[in-house]
Novice: 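One structure follows; several queries about it will come next.
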Amino acid sequence: MSLALVRTRALDGLDAPEVTVEVHLANGLPAFNLVGLPDTEVREARDRVRAAILTSQFEFPQRRITVNLAPADLPKEGGRFDLAIAVGILAASGQIDAARLNDTEFCGELSLTGGLRAVRGVLAVALAAARAGRGLILAAENGAEAALAREAKVLPATSLLAVCAHLNGHEALHRLDAAPPPADAQAAPDLADVRGQLQARRALEVAAAGGHSLLMFGPPGTGKSMLAQRLPGLLPPMDESEALESAAVFSLEGRFDPAAWGRRPFRAPHHSASAAALVGGGALPRPGEISLANHGILFLDELPEFDRRVLESLREPLESGIVTVSRARRRAEFPARFQLVAAMNPCPCGYAGHPTRACHCTPDQVARYRGRLSGPLMDRIDLTVEVPALAHEELAAAAPGEASLAVRTRVSQARALQRERQGVPNARLEPGRVAAMCAPDAAGADLLKQAMDRLNLSARAYHRVLRVARTLADLAGAERPGRVHVAEAIQYRRSLDGR
């Protein structure tokens with residue numbers, strides 16, 4: 001047989017479109033032509049495949065070899081096609097049984113010795129192969145990650161020789177059924193470590209219960225970063241679909257650790273990060289920090305120190321939960337359902353309003369510092385809370401704070417109410433559903449109307465106040481937001497406008 005068809009997968013965002021490797025052997029001077037829009041890494045597969053076939057004690061055909069990666073208009077990158085190309089050449093030359101290729105896909109990079117190396121993005125590939133009803137042969141190093149897709153038939157192998165032995169019926173590869181490890185709920189630091197700061201702790205619980213964005217401001221050393229690091233420990237465990245989506249994003253970057261399965265990601269990029277690092281980018285689009293924080297926390301410390309253009313790039317993902325990275329030849333869409341938590345000082349020196357230390361900033365310097373955060377961005381932050389400096393006597397007298405476990409119990413109950421009522425956390429409610437799901441009682445509605453008039457709140461701010469009030473009612477077990485819930489929600493909004 002001089003023609004063989006082998007199936008594999010490319011990567012396009014979180015999708016793994018099918019690629020058919022068509023191998024044709026023809027008479028003529030020996031040549032190896034690779035077509036189908038391959039990039040440099042894929043073109044280099046010719047040398048890796050030739051060496052791997054020869055060192056595995058197979059014959060490399062001395063004929064005119066044409067390998068087509070179809071569809072031709074889909075860019076191909078990386079070494080993931082090596083195994084499929086090698087299997088196709090061996091099948092076309094009659095050295096392995098081509099009849100067993102129809103129900104199997106292949107993914108892996110070959111070493112010159114014929115060994116199989118891990119590639120990134122195998123979780124997306126395994127999910128796509130499972131939907132297509134085919135098995136997946138890949139490197140043993142990728143086996144545990146791919147097996148997280150429970151429906152996938154994952155067949156890990158260590159070498160090209162082992163793959164060929166399986167296809168020829170000599171020694172079968174065994175399916176790997178790895179149960180996902182339980183989520184490590186104790187991985188996050190405990191909230192009991194935080195002493196005092198009752199208002200900030202309350203805001204942290206509200207943010208966790210509704211998935212709301214949160215901004216903490218105060219002098220250096222008051223516990224803003226400490227509080228933010230404890231937020232993942234207050235959130236309920238991810239369900240399987242969330243864990244798979246989060247793991248798939250990390251898999252695209254080659255960073256996924258199976259031990260982190262089900263754990264809410266916590267990403268804290270440095271304030272020097274570029275827009276591409278934060279939202280994603282590159283000639284071949286890759287996910288950024290907001291996608292790596294999907295279903296978890298994105299913590300931006302020293303918020304005003306970030307480049308203004310970088311911060312402005314967060315506006316659309318905060319609303320939509322997705323980010324689209326467009327390039328001249330590629331367009332990729334990544335999930336970005338992250339929870340934004342930020343911290344900042346009240347002024348450049350950090351001590352404006354400090355009870356014992358003097359601020360040396362001029363009013364103009366303070367205005368410029370705070371002006372680095374645009375109104376549209378601040379309008380998208382649900383909760384703003386001050387984290388004041390505490391005197392030594394207050395810290396020494398403060399009792400240990402409530403443990404994360406107790407707070408997480410209340411948060412989980414509130415999230416369960418939201419899931420039963422509307423299917424999503426309150427912060428993710430679409431504007432068209434806010435009126436129906438978050439309508440306050442008469443007293444609450446009257447108070448909110450007064451706040452709209454006096455504080456000049458935007459329509460977006462109005463909806464966000466309603467969402468926060470709904471979360472406060474859920475934490476209290478109330479059927480509808482009341483006046484007290486609306487008042488507390490407005491307080492978080494007023495502190496933002498009056499900082």
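Since the model is a prediction, treat every value here as computed from it, not as a measurement.
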Novice: Donor-acceptor pair, distance only, cut-off 3.5 Å: does the side chain of Asp82 make one with the backbone of Leu110?
Specialist: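 At least one qualifying donor-acceptor pair exists.
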Novice: Tell me whether Arg460 contacts the main-chain N or O of Asp379 through its side chain, where contact means a donor paired with an acceptor under 3.5 Å.
Specialist: no
Novice: Of all the heavy-atom pairs spanning Leu138 and Ala146, show the shortest one and how long it is.
Specialist: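 Minimum heavy-atom separation between Leu138 and Ala146: CD1-CB, 3.7 Å.
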Novice: Please determine whether a side-chain nitrogen of the Lys or Arg among Glu402 and Arg230 lies less than 4.0 Å from a carboxylate oxygen of the Asp or Glu.
Specialist: no
Novice: Is it the case that more than 12 heavy atoms not belonging to Arg175 sit under 6.0 Å from its CZ atom?
Specialist: yes
Novice: List the steps, then state whether side chain to side chain contact (heavy atoms under 4.5 Å, CB included) holds for Leu377 with Glu312.
Specialist: CA-CA 7 Å; Leu377 175 64; Glu312 294 305 298; 4.2 Å; yes
Novice: Rounded to the nearest 0.5 Å, how far does CG of Leu214 lie from CG of Leu340?
Specialist: 8.5 Å
Novice: Side chain to side chain contact (heavy atoms under 4.5 Å, CB included), that's the test. Do Glu205 and Val411 meet it? Break it down for me.
Specialist: CA-CA 7 Å; Glu205 180 177 345; Val411 168; 4.2 Å; yes
Novice: Do the side chain of Arg201 and the main chain of Leu191 share a donor and acceptor less than 3.5 angstrom apart?
Specialist: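 Pair found, side chain donor or acceptor close to backbone of Leu191.
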Novice: Show the nearest heavy-atom pair for residues Leu252 and Gly13, with the distance to one decimal.
Specialist: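 Result for this residue pair: CD1-O, 3.2 Å.
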Novice: With the threshold set at 4.0 Å, does a side-chain nitrogen-carboxylate oxygen contact exist between Arg120 and Glu253?
Specialist: no
Novice: Does a donor on one side chain and an acceptor on the other come within less than 3.5 Å for Ser246 and Asn294?
Specialist: no
Novice: Could you name each residue pair satisfying side chain to side chain donor-acceptor pair (under 3.5 Å) that touches residues 124-138, not counting sequence neighbours?
Specialist: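 Found Glu18-Arg134, Glu105-Arg134.
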Novice: Counting only heavy atoms not in Lys76 (residues, nucleotides, ligands), do more than 12 fall under 6.0 Å from its NZ?
Specialist: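 Yes, the 6.0 Å shell around NZ holds more than 12 heavy atoms from other groups.
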Novice: Check this for me, if you would: do Arg117 and Glu141 make a salt bridge, where the nitrogen-to-carboxylate-oxygen distance has to be below 4.0 angstrom?
Specialist: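 A salt bridge is absent here (no side-chain N lies under 4.0 Å from a carboxylate O).
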Novice: So which heavy atom on Pro481 is nearest to which on Ala439, and how close?
Specialist: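 Closest approach of Pro481 to Ala439, heavy atoms only: CD-O, 3.5 Å.
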Novice: May I ask you to decide if Ala16's main-chain N or O and Arg9's side chain share a donor-acceptor pair within less than 3.5 Å?
Specialist: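 Checked: pair present.
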Novice: Donor-acceptor check, side chain of Gln197 to backbone of Pro388, threshold 3.5 angstrom: yes or no?
Specialist: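 Side chain of Gln197 to backbone of Pro388: a pair is present.
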Novice: With sequence neighbours excluded, tell me which residues meet salt bridge (Lys or Arg N to Asp or Glu O under 4.0 Å) with Asp382.
Specialist: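 Per chain and number, Asp382 pairs via salt bridge (Lys or Arg N to Asp or Glu O under 4.0 Å) with Arg464.
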Novice: Can you tell me if His174 has over 12 outside heavy atoms packed within less than 6.0 Å of its NE2?
Specialist: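 Atom NE2 in His174 is not packed in, count stays at 12 or less.
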Novice: Quick one: side chain to side chain donor-acceptor pair (under 3.5 Å) pairs with a partner in residues 216-227, sequence neighbours left out?
Specialist: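 Non-adjacent pairs meeting side chain to side chain donor-acceptor pair (under 3.5 Å): Ser225-Asp301.
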Novice: Are the side chain of Asp190 and the backbone of Asp193 linked by a donor-acceptor contact shorter than 3.5 Å?
Specialist: no
Novice: Is there a side chain to side chain donor-acceptor pair (under 3.5 Å) between His212 and Gln339? Walk through the geometry before answering.
Specialist: CA-CA 7 Å; His212 302 287; Gln339 187 171 350; over 6 Å; no
Novice: Run the numbers on Leu136 and Val125 for side chain to side chain contact (heavy atoms under 4.5 Å, CB included), then give the verdict.
Specialist: CA-CA 9 Å; Leu136 176 63; Val125 171; 4.0 Å; yes
Novice: Using a strict cut-off of less than 4.0 Å between a Lys/Arg side-chain nitrogen and an Asp/Glu carboxylate oxygen, indicate whether Arg337 and Glu242 qualify as a salt bridge.
Specialist: no
Novice: Only pairs at least two apart or in different chains count here, so list each salt bridge (charged side-chain N to carboxylate O under 4.0 Å, His left out) that has a residue in residues 288-298.
Specialist: Arg267-Glu289
Novice: Mind listing the closest non-hydrogen atom pair of Ile297 and Pro232 along with its distance?
Specialist: CG1-CG, 4.0 Å
Novice: Within this structure, what is the CZ-CE distance for the pair Phe299 and Met216, rounded to the nearest 0.5 Å?
Specialist: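 It comes to 5.5 Å.
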Novice: Kindly give the heavy-atom pair with the smallest separation between Leu83 and Ile137, and that separation in Å.
Specialist: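 Heavy atoms only, the tightest pair is CD2-O, 4.0 Å.
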Novice: Report the residues that fulfil side chain to side chain donor-acceptor pair (under 3.5 Å) with Asp39, sequence neighbours left out, ordered by chain and then residue number.
Specialist: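 Not a single residue meets the side chain to side chain donor-acceptor pair (under 3.5 Å) criterion with Asp39.
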Novice: In plain terms, say whether Glu488 and Arg493 are close enough for a salt bridge, that is, a side-chain N and a carboxylate O under 4.0 Å apart.
Specialist: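 Salt bridge flag = no for Arg493 with Glu488.
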Novice: Test: salt bridge (charged side-chain N to carboxylate O under 4.0 Å, His left out). Region: residues 413-437. Which pairs qualify, not counting sequence neighbours?
Specialist: Arg421-Asp474
